[in-house]
Amino acid sequence: MPLATTASIVASAHGGACAFNIITLEHAEAVVVAAGREGIPVILQISENAVRFRLGRPHPLAAAARALAEAAPVPVALHLDHVTGDALLYEAAEAGFGSVMYDASRDPYETNLTRTEAAARWAHENGLWLEAELGEVGGKDGAHAPGARTDPAEAAAFVAATGVDALAVAVGSSHAMTSRSARLDHDLIAALRAALPASVPLVLHGSSGVPDDELRRAVAAGIKKINIGTALNVAFTGTLRDSFAAESSGADPRARLEAAREAMATETAHLLRVVSGRD
Ligand code: G3H
Ligand code: ZN
């Protein structure tokens, strides 16, 4: 089926919609296989960081992800995540992405607003759905800062002034956590949901560190798009580590990568069930 849009997957999700960060082809395959097995639509996202790892070009991995998405038995969308520079934003549509997260959250409020408003205007003129962030979710540089919070009144003003399609909010999660121990501020999620237009979904970043039950409560309180990256890497790297510990000889990587891909698919399927309310 043709590539789906992030907007349609988020709008039609039962419960919440999962957006998984992919770095390698195996990540993309694992997510698409799991979504097909579960019969649940999914968003594949590639971050600016991952683009840097892929030799600075978004096109090759995006093209592979798109080919997998078009062959999938469920709707799959392609999203460009955590874009901090305008040059990459301007490449998004041509590289095949239907949506972008523009991240000026490290800037002071007024700068974030000005940059995001310009990014949203450009995105809309070029057929892209734009997510922004207000109230920095910590952990992007390895330093966990779960203390930051998004203010509901400020969020309402920010959304009205910028015209963004979705808003990532700081409610207690933190990027790159390898243990699932984050506690979210569910009252704040409800207050943010009440403060923003119903047409603007709330996005949770750093969801790998959030336990299953906290994810279920977050969706019930109003989070709609759930971003997950590190949990896949934990499954992938853990399986490779076990494989090398059990057998360190041999040159062909395929058996190890196959096991690591399957571990990511198992983790992806579990999270899809939790976030969609099936488990
Ligand atoms: O935008 C990406 C996500 O926020 C992923 O965060 O790697 O901590 O799950 P995570
Ligand atoms: Zn994020």
Side-chain angles (χ1 to χ4, degrees), residues 6 9-10 16-24 27-28 30-31 34 42-54 58 61-62 65 77-85 88-89 92 97 99-106 112 116 129-146 148 150 164-184 189 201-212 214-215 218-219 223-238 263-264 267-268 270-272 274-275:
T6 296
I9 289 183
V10 167
C18 284
F20 291 98
N21 285 78
I22 59 169
I23 302 171
T24 68
H27 284 71
V31 173
V42 75
I43 300 158
L44 293 174
Q45 53 186 17
I46 301 174
S47 72
E48 183 180 272
N49 251 323
V51 169
R52 217 170 284 135
F53 171 70
R54 304 257 53 122
L61 185 58
L78 190 55
H79 177 79
L80 185 58
D81 194 30
H82 282 298
V83 171
T84 60
L88 184 56
L89 169 69
F97 298 93
S99 56
V100 177
M101 187 267 190
Y102 188 78
D103 185 359
S105 64
R106 285 189 172 176
N112 185 357
T116 300
W129 182 96
L130 195 103
E131 171 188 333
E133 178 169 326
L134 181 65
E136 191 189 349
V137 178
K140 282 170 206 150
D141 47 12
H144 294 157
T150 305
V164 295
D165 301 296
L167 190 67
V169 289
V171 293
S173 61
S174 187
H175 285 94
M177 289 179 68
T178 52
S179 72
R180 301 187 69 195
S181 54
R183 294 279 165 241
L184 302 181
I189 295 171
L202 295 177
V203 184
L204 184 69
H205 281 243
S207 306
S208 294
V210 182
D212 288 350
E214 287 284 295
L215 287 177
V219 170
I223 294 283
K224 201 66 190 173
K225 176 171 176 272
I226 309 273
N227 283 16
I228 301 162
T230 303
L232 266 56
N233 296 337
V234 168
F236 186 70
T237 308
M264 286 195 287
E267 180 67 11
T268 299
H270 170 74
L271 289 162
L272 281 167
V274 168
V275 167

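Atoms within a ligand are numbered from 1 in the order they appear, just like the ligands themselves.
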Close N or O approach (G206, ligand 1; < 3.5 Å) | yes
Honestly, for M101 the part within reach of ligand 1 (heavy atoms, under 4.0 Å) is neither
Note: N21, heavy atoms under 4.0 Å from ligand 1, region reported as side chain
Practice item. Ignoring hydrogens and angles, tell me if any N or O in the side chain of E131 forms a donor-acceptor pair with the backbone of V164 under 3.5 Å. Key: no
Here the atoms of ligand 1 under 4.0 Å from any heavy atom belonging to G229 are 5 (C), 7 (O), 9 (O), 10 (P)
Note: ND1(H205)-the Zn ion (ligand 2)-NE2(H82) angle, rounded to 10 degrees, equals 90°
Honestly, for S207 the part within reach of ligand 1 (heavy atoms, under 4.0 Å) is backbone
For atom 7 (O) of ligand 1, the closest protein heavy atom turns out to be T230 OG1, 2.6 Å
Shortest non-hydrogen pair, D212 vs H270, comes out as OD2-NE2, 2.7 Å
Rounded to the nearest 0.5 angstrom, the CG-CG distance for L167 and L202 is 7.0 Å
Worksheet item: Using the ring of each side chain (for Trp, its six-membered ring), is F236 parallel, tilted or perpendicular to H27, with breaks at 30° and 60°?
Response: tilted
Ranked by distance from atom 3 (C) of ligand 1, the top protein heavy atom is N227 CB, 3.4 Å
Residue set satisfying ring pair (Phe, Tyr, Trp, His ring centres under 6.0 Å) with H79, at least two apart, ordered chain then number -> none
Counting heavy atoms under 4.0 Å, the part of A176 that contacts ligand 1 is backbone
Residue, atom and distance of the protein heavy atom nearest atom 9 (O) of ligand 1 read S208 OG, 2.5 Å
Under 4.0 Å from one or more heavy atoms of D81, ligand 1 contributes atoms 1 (O), 2 (C)
- Message: Can a side-chain donor-acceptor contact be found between N49 and S47 if the only test is distance below 3.5 angstrom?
- Response: no
Sorted by chain and number, sequence neighbours left out, side chain to side chain contact (heavy atoms under 4.5 Å, CB included) with S181 holds for M177, S179
side-chain contact (heavy atoms from CB on, under 4.5 Å) test vs L204 passes for just one of V137, V169, L215, namely L215
